[in-house]
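Note sheet for the following structure.
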Protein chains: 2
Amino acid sequence: MNIGQAADQSGVSAKMIRYYEQIGLISPPHRTDSNYRVYGEDEVHVLRFIRRARTLGFSVEETATLLALWQDKTRASGEVKDIANSHIKALETKIAELEGMVKTLKHLAHCCHGDTRPDCPILDDLAGERH
Amino acid sequence: MNIGQAADQSGVSAKMIRYYEQIGLISPPHRTDSNYRVYGEDEVHVLRFIRRARTLGFSVEETATLLALWQDKTRASGEVKDIANSHIKALETKIAELEGMVKTLKHLAHCCHGDTRPDCPILDDLAGERH
DNA sequence: CCTTGACCTTACCACAATGGGAAGGTTTAT
DNA sequence: ATAAACCTTCCCATTGTGGTAAGGTCAAGG
């Protein structure tokens, strides 16, 4: 099948398939005489794996590691679990960071009367004018 | 004061100060005869404003808007509050997304025995092999 | 058979925000 | 006078994705 069909079936855009090939995440597929890339079910399966990992927030690099582990039939599941756990930790750190921002902003927005008067606690905070 | 001092006092790196100038977020400062940028208290105050806004997760573009509103003495606080509120909403969307990922990953990690056996539910999920 | 449209190819450019470094000029202190 | 610590501009890299342009290919229908 051509790259367009592979994109449709995997949910990875043709653009990204070529990119993943370029950075070595996937191996170069066979080509037709007219230089078209040709994909089979196995390749689509790999692409779906990649897409799922990306959806779960793994970086392309982490995805590469998971892919290698997936294709290594003798791997230990502990390795995979470690990657997942450290990723969970990173996500939770990010969440905490965003929640801190939300908390501060909500407080400021709550204090701001939000009408046509120029007085605004949000800007005062940004300007460092604690009061 | 030179850019290095301005960077120290504002918490914005010299590199970023030049960048903010280049994209028009701040106006070009005076220069000495030897072409050095010269900053005063006002400029540092602006830089601190920018840094605080960035820390709260506002994009540079949003920061530019907030900065303009800050410098407009007749602005309505409602405008600022609207920006803050829509930013809060965007942050909360992002948080929910990350939490979805964490939830899925925690479930998968919980199911994974994480020892030396090759059997691994995390990889099975990524591969799309629901069971 | 030839045209048209839908595909494919490579090769660029762009984004957002930041850091790094090189090559060269200036200032300050020893 | 020289060395250290600044400053200047210019270019490159990052992450992952999208866009676009110039050109080749293939299939369907007149």
Side-chain angles (χ1 to χ4, degrees), chain A residues 1-26 28-40 43-44 46-67 87 90-91 94 97-98 101, chain B residues 1-26 28-40 43-44 46-67 87 90-91 94 97-98 101:
Chain A
M1 100 190 67
N2 284 342
I3 199 172
Q5 273 108 51
D8 286 350
Q9 288 189 28
S10 66
V12 179
S13 73
K15 204 87 190 181
M16 290 314 296
I17 295 177
R18 293 194 196 97
Y19 172 70
Y20 290 152
E21 179 187 332
Q22 188 204 314
I23 63 172
L25 180 60
I26 58 180
H30 289 123
R31 301 279 188 135
T32 64
D33 288 350
S34 54
N35 208 29
Y36 281 23
R37 287 171 179 83
V38 181
Y39 299 92
E43 281 94 341
V44 170
V46 167
L47 288 171
R48 273 201 279 255
F49 181 101
I50 292 169
R51 181 168 162 278
R52 176 87 175 124
R54 301 281 302 118
T55 300
L56 286 173
F58 288 100
S59 70
V60 169
E61 189 150 356
E62 288 168 323
T63 302
T65 305
L66 291 171
L67 200 49
H87 184 52
L91 289 175
K94 186 75 193 162
E97 209 175 291
L98 295 178
M101 295 179 193
Chain B
M1 99 190 66
N2 284 341
I3 199 171
Q5 273 108 52
D8 286 349
Q9 288 190 29
S10 66
V12 178
S13 73
K15 206 87 190 181
M16 290 313 296
I17 295 176
R18 293 194 196 97
Y19 172 71
Y20 291 152
E21 178 187 333
Q22 187 202 317
I23 63 171
L25 180 60
I26 58 181
H30 290 121
R31 301 278 188 135
T32 64
D33 288 351
S34 55
N35 208 30
Y36 281 23
R37 288 172 179 82
V38 180
Y39 299 92
E43 282 93 342
V44 169
V46 167
L47 288 171
R48 273 201 279 256
F49 181 101
I50 292 169
R51 181 168 162 279
R52 175 87 177 124
R54 301 281 303 118
T55 300
L56 286 173
F58 288 99
S59 70
V60 169
E61 188 150 358
E62 287 168 323
T63 302
T65 306
L66 291 171
L67 199 51
H87 184 52
L91 290 174
K94 186 75 192 163
E97 212 175 293
L98 295 178
M101 294 179 194

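Numbered from 1 within each chain, the chains take letters A, B, ... in sequence-line order. None of the values given here were measured: they were computed from a predicted structure.
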ask   = Tell me, do A/Tyr19 and A/Leu25 make a side-chain contact under 4.5 Å, heavy atoms counted?
value = no
query = Do the non-hydrogen side-chain atoms of A/Met16 and A/Ile50 ever get within less than 4.5 Å of each other?
reply = no
key: Nearest heavy atoms of B/Gln9 and B/Arg48, plus distance in Å   = O-NH1, 2.7 Å
request  = Extract, from 5' to 3' on DNA chain C, the first and final nucleotides lying under 4.0 angstrom from some heavy atom of chain A.
outcome  = C/dC7 to C/dA11
message = Less than 4.5 Å apart, side chain to side chain, heavy atoms only: is that true for B/Phe49 and B/Leu66?
response = yes
ask   = Looking at residues at least two apart in the chain, or sitting in another chain, which of them share a side-chain contact (heavy atoms from CB on, under 4.5 Å) with A/Glu21?
value = A/Ile26, A/Pro28, A/Pro29, A/Arg31, A/Arg37, A/Tyr39
remark   = All heavy atoms of A/Leu56 vs all of A/Leu91, minimum pair found to be O-CD1, 4.3 Å
key: Nucleic acid contacts of residues 3-21 of chain A, taken as heavy-atom distances under 4.0 Å to DNA chain D   = A/Ser13, A/Lys15, A/Met16, A/Tyr19, A/Tyr20
request  = Kindly give the heavy-atom pair with the smallest separation between A/Ala14 and A/Ala7, and that separation in Å.
outcome  = N-CB, 3.7 Å
request  = Please name the pair of heavy atoms, one in A/Leu47 and one in A/Val12, separated by the smallest distance, quoted to 0.1 Å.
outcome  = O-CG2, 3.6 Å
inquiry  = Just verifying a value: how many Å separate B/Ile3 CD1 and B/Glu43 CD, rounded to the nearest 0.5 Å?
reply    = 11.5 Å
For chain A, the stretch of DNA chain D it reaches, first to last nucleotide, under 4.0 Å of its heavy atoms = D/dG16 to D/dC26
Interatomic spacing from CZ in A/Arg54 to OH in A/Tyr20 - rounded to 0.5 Å = 5.0 Å
request  = Specify the residues of residues 57-65 of chain B, ordered by number, for which at least one heavy atom lies under 4.0 angstrom from an atom of DNA chain D.
outcome  = none
inquiry  = What's the separation between atom OG in B/Ser10 and atom CZ in B/Arg52, rounded to the nearest 0.5 Å?
reply    = 15.0 Å
request  = With rounding to the nearest 0.5 Å, note down the distance linking OG in A/Ser13 to CZ in A/Arg51.
outcome  = 11.0 Å
Interatomic distance, B/Glu61 atom CD to B/Ile23 atom CD1 [nearest 0.5 angstrom] = 9.5 Å
query = Is any side-chain heavy atom of B/Thr65 less than 4.5 Å from a side-chain heavy atom of B/Glu62?
reply = no
inquiry  = Rounding to 10°, can you tell me the angle the first-five-pair axis of the helix from C/dC1-D/dG30 to C/dT30-D/dA1 makes with its last-five-pair axis?
reply    = 30°
inquiry  = Rounded at 0.5 Å granularity, tell me how far NZ in B/Lys94 sits from CG in B/Leu98.
reply    = 5.5 Å
